[in-house]
Amino acid sequence: MTRYGREKSKLLTIHRTGWAVVLAGCLLFLGGCGKGGENTALGMEALKGLDYQKALEYFDLARAAGESNKELARAEGIAYMGMTQYSQAALSFLEALGYSDGWVEDVDYDINFYLAAAYTKEGRLSEAEEIYSAILDLQPSNEDALFLRGNARMGLDNYTGAKEDFDKVIAMDGKNFDRLIQIYEVLHSYGYKEMGQVYLRAAMDTSGEQMSAYDKGRMYYYLEEYQSAYLALETAKDQGGAEAFLYLGKSYEATGDYNYAASVYNNYLAKDTSDARIYNQLGLCEMARGDYHAALSAFQSGMQIENNDVMQSLLFNEAVTYEYLHDYRQALVLMESYLKTYPDDQVAKREYDFLSTR
């Protein structure tokens, strides 16, 4: 850890003022800032298993036993984030930062990233931007903070500022194609798809000869050159894992060849049934083909995989599939259950309102 000037240290560690599916790569593993009691430890285990409600129950017991500390407050914030209770999450992260003593540790950066994520989810983008700027004051080369500040600036209609951040990120590591694609996806989501594709074409021009078949296929996919994409990815699937099959199948889907796309996903599942993303994409493909029973089977198979990162999509898609099967009662029950866990999903709310009238 490093000692900084008082104002900068205070801004980062005791932040009193006031985050794309992108955050996970820059956060520390669920662990500790120090040793807590038994209830804190049990809550941590529940948190790792994504059982947020149970985790909070243990954390309440920990507080009753006098275990309040930075580790506990941070963990509570993560649980509230998982339950989409972002205002409460932000309060927990602010409490966690309040336990800092001016010495800036890795966990203080981590908590600030979480706090900025909570603010972003609440729509408090200016405050999120401020946090990323504070981090960058201390770590000017922090690529995650630069990328995430660019993301926040896009939400604030500050395209010029966002582009400056994205340009810096790319200049730091122009061969980080995962991050390059993330930048493209952010730009696309805000209506700047063509600008995002400029970045991709520039990468193809400068690094295309050194790119793997997998990376070329991904670039072609986002450039909407789907035939070039699946030709490259047909080669990559023998070398890569689930990601290569996902992009290969989606490239065929983009051309309207859902039959072949479904065969791509099924071929992968014939040898590896551990990736819920493949089941989810297969289900969407079967939906497009009109085979709703096959789609439902795919979604439900994916849901059997513990601790997968597409459970929200699987749960939503399962409910929608029952709607397509005209089982409106079951669809309504499932959508109501879904909204208890993900209450901020506006699409699901509209779907629930529709199902309530059936």
Side-chain angles (χ1 to χ4, degrees), residues 20-21 24 50 178 181-182 185 188-189 213-328 330-331 333-335 337-338 341-342 345 347-348 351 355:
V21 247
L50 308 184
D178 290 334
I181 287 170
Q182 290 173 345
E185 290 177 326
H188 188 186
S189 69
Y214 168 64
D215 285 326
K216 283 185 179 179
R218 291 197 295 169
M219 294 295 170
Y220 283 130
Y221 174 78
Y222 290 111
L223 288 170
E224 300 177 358
E225 299 177 18
Y226 300 119
Q227 183 175 6
S228 295
Y230 65 65
L231 288 173
L233 291 162
E234 284 285 2
T235 301
K237 72 177 183 180
D238 296 326
Q239 306 161 358
E243 290 281 354
F245 278 81
L246 280 169
Y247 277 104
L248 177 59
K250 287 160 66 174
S251 295
Y252 280 110
E253 286 185 65
T255 68
D257 193 345
Y258 296 104
N259 292 331
Y260 194 84
S263 72
V264 169
Y265 303 132
N266 281 312
N267 286 340
Y268 182 85
L269 292 170
K271 62 178 183 179
D272 185 351
T273 59
S274 65
D275 198 305
R277 297 172 302 168
I278 298 288
Y279 281 112
N280 189 50
Q281 199 62 39
L282 173 61
L284 293 171
C285 188
E286 297 291 9
M287 289 280 284
R289 293 206 298 171
D291 191 341
Y292 305 123
H293 288 286
L296 183 61
S297 177
F299 295 137
Q300 292 178 337
S301 294
M303 290 163 59
Q304 300 306 308
I305 300 172
E306 294 184 358
N307 300 335
N308 75 75
D309 57 3
V310 292
M311 184 61 79
Q312 181 175 358
S313 294
L314 289 164
L315 291 169
F316 178 84
N317 291 335
E318 180 193 30
V320 171
T321 305
Y322 273 109
E323 178 187 337
Y324 276 87
L325 288 168
H326 304 294
D327 189 343
Y328 300 115
Q330 182 65 6
V333 169
L334 291 174
M335 196 62 73
S337 175
Y338 172 91
T341 307
Y342 307 104
D345 190 327
V347 174
E351 197 70 23
L355 289 167

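Values in this document were obtained by computation on a predicted structure and should not be read as measured data.
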Taking the side chain as everything from C-beta on, heavy atoms only, tell me whether [X] gets closer than 4.5 Å to [Y].
{"X": "Gln300", "Y": "Leu314", "value": "no"}
{"X": "Tyr222", "Y": "Glu185", "value": "yes"}
{"X": "Gln312", "Y": "Thr341", "value": "no"}
{"X": "Tyr279", "Y": "Thr273", "value": "yes"}
{"X": "Tyr226", "Y": "Lys250", "value": "no"}
{"X": "Tyr292", "Y": "Glu323", "value": "no"}
{"X": "Met335", "Y": "Val320", "value": "yes"}
{"X": "Leu334", "Y": "Leu315", "value": "no"}

Shortest non-hydrogen contact between [X] and [Y], atoms and distance:
{"X": "Ile278", "Y": "Ala242", "value": "CD1-O, 3.9 Å"}
{"X": "Leu233", "Y": "Ala244", "value": "CD2-O, 4.2 Å"}
{"X": "Glu318", "Y": "Phe299", "value": "N-CD1, 4.1 Å"}
{"X": "Ala295", "Y": "Gly283", "value": "CB-O, 3.4 Å"}
{"X": "Gly302", "Y": "Asn308", "value": "O-ND2, 3.5 Å"}
{"X": "Ala261", "Y": "Gly249", "value": "CB-O, 3.4 Å"}

**OP:** Please lay out, stage by stage, how Tyr252 and Tyr247 fare under the test side-chain hydrogen bond (donor to acceptor under 3.5 Å, both in side chains).
**Re:** CA-CA 9 Å; Tyr252 280 110; Tyr247 277 104; over 6 Å; no

Look up atom [atom1] in [X] and atom [atom2] in [Y], then write down how far apart they are to the nearest 0.5 Å.
{"X": "Ser251", "Y": "Glu234", "atom1": "OG", "atom2": "CD", "answer": "9.5 Å"}
{"X": "Thr235", "Y": "Tyr230", "atom1": "OG1", "atom2": "OH", "answer": "13.0 Å"}
{"X": "Phe316", "Y": "Thr321", "atom1": "CZ", "atom2": "OG1", "answer": "9.5 Å"}
{"X": "Asp275", "Y": "Leu269", "atom1": "CG", "atom2": "CG", "answer": "8.5 Å"}
{"X": "Leu50", "Y": "Asn307", "atom1": "CG", "atom2": "CG", "answer": "5.0 Å"}
{"X": "Cys285", "Y": "Asn266", "atom1": "SG", "atom2": "CG", "answer": "9.0 Å"}

Looking only at side-chain N and O atoms, does [Y] offer a donor or acceptor that is under 3.5 Å from a partner on [X]?
{"X": "Tyr268", "Y": "Asp272", "value": "yes"}
{"X": "Tyr265", "Y": "Glu253", "value": "yes"}
{"X": "Tyr328", "Y": "His326", "value": "yes"}
{"X": "Asp257", "Y": "Thr255", "value": "no"}

Subject >> Stepwise salt bridge (charged side-chain N to carboxylate O under 4.0 Å, His left out) check, Arg289 with Asp291 >> reply: CA-CA 6 Å; Arg289 293 206 298 171; Asp291 191 341; 5.1 Å; no

**OP:** Would you check if the side chain of Asn267 reaches a backbone N or O of Ser263 as a donor-acceptor pair within less than 3.5 Å?
**Re:** yes

Subject >> Check: Ser297 side chain, Ala294 main-chain N or O, donor-acceptor pair, under 3.5 Å >> reply: no

Subject >> Qualifying residues under ring pair (Phe, Tyr, Trp, His ring centres under 6.0 Å), relative to Tyr322, sequence neighbours excluded >> reply: none

Original post:
Is Arg218 paired with Glu243 through a side-chain N to carboxylate O contact shorter than 4.0 Å?
Top reply: no

Original post:
Under 6.0 Å from the CD atom of Glu224, do we count more than 12 heavy atoms belonging to anything else shown?
Top reply: yes

Subject >> Aromatic plane relationship, Tyr338 with Tyr342 - under 30° parallel, 30 to 60° tilted, over 60° perpendicular >> reply: tilted

Original post:
Step by step, would you call Lys237 with Val264 a side-chain contact (heavy atoms from CB on, under 4.5 Å)?
Top reply: CA-CA 10 Å; Lys237 72 177 183 180; Val264 169; 5.8 Å; no

